[in-house]
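Read through the structure below, which is laid out as structure tokens, and then see the notes.
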Amino acid sequence: MRFSAALIPTLRDDPADAEVVSHKLMARAGMIRKVAAGIYTYLPVGWRVLRKVEQIVREEMERAGAQELRMPAVQPAELWRETGRWNVYGKELLRVTDRHDRQFCIGPTHEEVITDLVRGEVRSYKQLPVNLFQMQTKFRDEIRPRFGLMRGREFIMKDGYSFDADVAGAEKTYRAMADAYHRIFRRMGLTFRAVEADSGQIGGSFSHEFMVLADTGEDDVVYCEACDYAANSEKATSKVAAPERRDTPAMERRATPGVHSVADVAAFLNEKPERFIKALVFNTDPPHGTLELGRKGWPTQLVMVLIRGDREVNEVKLANHLGVAELRLAEDADIARATGGPVGFSGPVGLPEGARVVADRSVASLTDAVCGANAADTHLAHVLPGRDFGIEAVADLDTARAGDGCPRCEGGTLAIRRGIEVGHIFMLGTKYSEQMNATFLDAGGRKQPFVMGCYGIGVGRSAAAAVEQNHDARGIIWPMPIAPYHVALVAMNMKSEALAGAAETLYRQMADAGIEVLFDDRNERGGVKLTDAELLGIPLIVVLGERGLEKGICEVKERAGGDTREVPLEAVCAELKQRIRDALGG
RNA sequence: CGGGGCGUGGCGCAGCCUGGUAGCGCACCUGCUUUGGGAGCAGGGUGUCGGAGGUUCAAAUCCUCUCGCCCCGACCA
């Protein structure tokens with residue numbers, strides 16, 4: 001491609017509305033332009049990158065046995081009503097009405113359409129498994145689109161769906177997809193982690209997110225520095241050392257006038273926070289619900305949660321444990337009425353009949369502990385779980401922290417970094433197939449629902465994540481496999497006929513050799529062209545100047561490390577081909 | 001949806017408070033010079049001042065409504 005004939009509108013300044021590097025650089029490199037909030041045009045250079053990403057995804061999906069198809073972007077409401085998601089999905093679902101007053105949505109995902117297809121075409125276990133995927137523009141009417149391609153409303157996604165005859169088969173497919181995802185992101189040159197994720201309301205049995213580690217990520221990734229354990233912060237567990245065991249004398253009341261935070265009480269009583277039982281009262285009702293308070297009963301909506309004084313409750317884990325969708329801390333007045341004591345002095349001892357108390361694992365093993373006494377300015381010392389109070393359930397409700405022990409390996413320590421979710425795979429099970437009556441006949445002639453999985457990759461987001469991970473002050477540094485061009489050929493002065501002629505020859509040779517080259521033949525100063533080549537992030541920059549031409553050489557500069565070598569003109573093509581082949585991994 | 005802010009040439013912005021008929025840098029167009037790291041000189045303005053009403057002799061500026069966009073929060077991939 002000749003730069004002079006291309007539409008590559010580079011910008012010198014960052015666009016005012018861009019906040020993260022990938023957004024700034026992709027806009028400045030002339031890759032994307034905003035059309036509306038969260039909606040972008042992909043200009044030629046940007047589109048080349050996205051196509052490369054798509055091609056890697058396509059190759060690896062096919063290698064793993066999946067087949068590409070293409071479903072409609074516009075989907076009938078009818079299908080969404082079958083799964084109930086027409087009502088559940090909310091405002092994120094962009095709904096449209098056609099001229100006949102029929103309702104449709106612009107697909108944010110395609111479980112309904114694919115399940116409808118497969119239930120119509122697949123009848124027998126002999127036809128299974130089936131694994132299908134597509135690359136498509138999706139629309140989700142995000143509350144707050146931001147960060148360019150990282151969180152658009154319209155975005156390109158690879159979404160895949162698998163159908164198996166049984167759980168064992170589905171798990172095998174799931175593992176194959178996980179492997180394919182590892183290969184995909186490795187080929188793209190990304191530093192990433194596959195993390196165990198909370199499968200949430202999607203309802204599957206398990207799920208992994210593929211997170212690119214980058215400071216601008218929107219999620220926390222908890223991972224082990226020694227092994228490959230990784231989980232998102234909503235799901236992460238850790239090993240937390242328990243304080244030494246002690247004999248626990250008889251329980252004793254202690255006056256703690258005016259001190260209620262764990263730290264203050266610990267200092268006041270000269271005891272470590274690790275020996276404290278922190279009691280939090282949660283309300284499981286939706287906001288503004290009315291509490292039915294008996295005279296001295298325990299309201300059914302309230303749950304007391306116990307956790308060690310130095311730890312924090314993970315509300316997602318708690319909500320999952322309790323099987324509720326929403327949780328919030330109870331109102332002060334409700335706590336006081338339920339426990340009989342003011343906020344700040346709550347504890348599990350002596351609660352009314354019927355009180356629900358769940359404890360984190362860290363509390364169950366405590367000895368000689370301290371807790372609130374459900375009375376003003378009073379705490380209880382020498383408390384022993386089980387002896388002095390009862391617990392309905394013990395669960396992992398703790399928020400993992402950096403520095404905690406790894407739950408999987410010996411001696412590993414957990415760290416936390418920000419991550420960008422570029423892929424997500426789910427074991428869906430039979431949720432959709434049952435709701436949509438998608439069945440096949442098994443070997444015994446019985447109707448069975450398909451066991452499904454779904455697998456997404458954000459194409460644009462992956463490209464943006466690659467920029468987040470690979471850039472410097474001058475611009476983007478594309479990994480070779482997703483670079484828009486492999487080589488930028490810069491002729492320092494097109495007004496020099498000798499130089500222009502030599503550059504033309506070199507360009508033709510490169511093109512004939514099958515090298516993806518961007519020939520900057522503009523009549524610009526050399527500095528401008530070099531700056532643009534670097535901003536665009538093209539991995540290899542070939543500089544041809546008058547001095548070099550006299551010696552019959554050009555310079556080959558590596559964008560990433562800045563390494564520059566002089567190469568004889570006749571040897572350039574071979575050298576470039578070799579380096580490109582190496583960088584593409586064979 | 002709650003809170004804050006912004007819409008002025010292609011991009012980044014000033015002007016608005018205190019109304020007087022639009023400006024700066026870059027980009028762009030023409031010519032000449034220049035060509036190894038975002039050139040110099042000369043000439044050129046390419047603008048419904050987001051839109052609609054209103055106040056006024058006069059509105060980018062004041063008032064009302066409206067649309068769009070950005071940031072923080074809740075939410076989500």
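All chains are named by letter (A, B, ...) in the order of the sequence lines, taking the proteins before the strands, and each is independently numbered beginning at 1. No experiment lies behind these values; they were computed from the predicted model shown.
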Gap between atoms [atom1] and [atom2], on [X] and [N] respectively (whole Å):
X: A/Ile143; N: B/A74; atom1: CD1; atom2: C1'; result: 7 Å
X: A/Arg461; N: B/C76; atom1: CZ; atom2: P; result: 14 Å
X: A/Asp13; N: B/A27; atom1: CG; atom2: P; result: 10 Å
X: A/Glu142; N: B/A74; atom1: CD; atom2: P; result: 14 Å
X: A/Arg146; N: B/G5; atom1: CZ; atom2: P; result: 20 Å
X: A/Phe147; N: B/C75; atom1: CZ; atom2: P; result: 16 Å
X: A/Ile39; N: B/G68; atom1: CD1; atom2: P; result: 12 Å
X: A/Ile8; N: B/C11; atom1: CD1; atom2: C1'; result: 18 Å

Does a side-chain heavy-atom distance below 4.5 Å link A/Asn283 with A/Leu329?
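Sidechains of A/Leu329 and A/Asn283: no contact.
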
Side-chain N or O of A/Arg144 less than 4.0 angstrom from OP1 or OP2 on B/C72?
yes

Counting side-chain heavy atoms from CB outward, which of B/C76, B/G73, B/C70 is closest to A/Lys34?
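Selected nucleotide: B/C70.
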
Measuring only the [atom1] atom in each nucleotide, how far is [N] from [M]? A whole number of Å is fine.
N: B/G7; M: B/C16; atom1: P; value: 12 Å
N: B/C29; M: B/U66; atom1: C1'; value: 37 Å
N: B/C62; M: B/C17; atom1: P; value: 5 Å
N: B/G38; M: B/A27; atom1: P; value: 12 Å
N: B/G9; M: B/U46; atom1: C1'; value: 7 Å
N: B/G3; M: B/C65; atom1: P; value: 15 Å
N: B/U55; M: B/G15; atom1: P; value: 29 Å
N: B/G10; M: B/G47; atom1: P; value: 7 Å

Geometric cation-pi criterion A/Arg2 and A/Phe519, 6.0 Å radius, 45° cone
no

Please compare A/Ala36 and A/Glu218 by the position of their nearest nucleotide in RNA chain B and report the one closer to 5'.
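First, find each residue's nearest nucleotide; the 5'-ward one identifies A/Ala36.
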
Mapping A/Ala16 and A/Glu154 onto RNA chain B by nearest heavy atom, which one lands closer to the 5' end?
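Residue closer to the 5' terminus by nearest nucleotide: A/Ala16.
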
Distance-only donor-acceptor check, side chains [X] and [Y], under 3.5 Å:
X: A/Glu468; Y: A/Ser22; answer: yes
X: A/Ser207; Y: A/Glu209; answer: no
X: A/Arg85; Y: A/Tyr432; answer: yes

Mind checking who [N] pairs with, Watson-Crick or G-U wobble, both distances under 3.5 Å?
N: B/U64; answer: B/A52
N: B/C1; answer: B/G73
N: B/C17; answer: none
N: B/C24; answer: B/G12
N: B/G43; answer: B/C29
N: B/G38; answer: none

Within the 4.0 Å heavy-atom criterion, would you say A/Gly460 contacts the bases, only the backbone, or no part of the nucleic acid?
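Here A/Gly460 touches no strand at all.
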
By salt bridge (Lys or Arg N to Asp or Glu O under 4.0 Å), which residues pair with A/Glu546, not counting sequence neighbours?
none

Over all heavy atoms of both residues, which pair between A/His110 and A/Ala73 is shortest? Give the atoms and the distance, please.
NE2-CA, 4.5 Å

For A/Met150 versus A/Thr216, what's the shortest heavy-atom pair and its separation?
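Smallest heavy-atom distance, with atoms named: CE-O, 4.1 Å.
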
ring-ring contact (aromatic ring centres under 6.0 Å, His included) against A/Phe163, all qualifying residues, sequence neighbours excluded
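Only A/Phe450 meet the ring-ring contact (aromatic ring centres under 6.0 Å, His included) criterion with A/Phe163.
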
Footprint string (nucleotides 29-43 of chain B, 5' to 3'): B base within contact, S backbone only, - free, heavy atoms under 4.0 Å
-----BBBBBB----

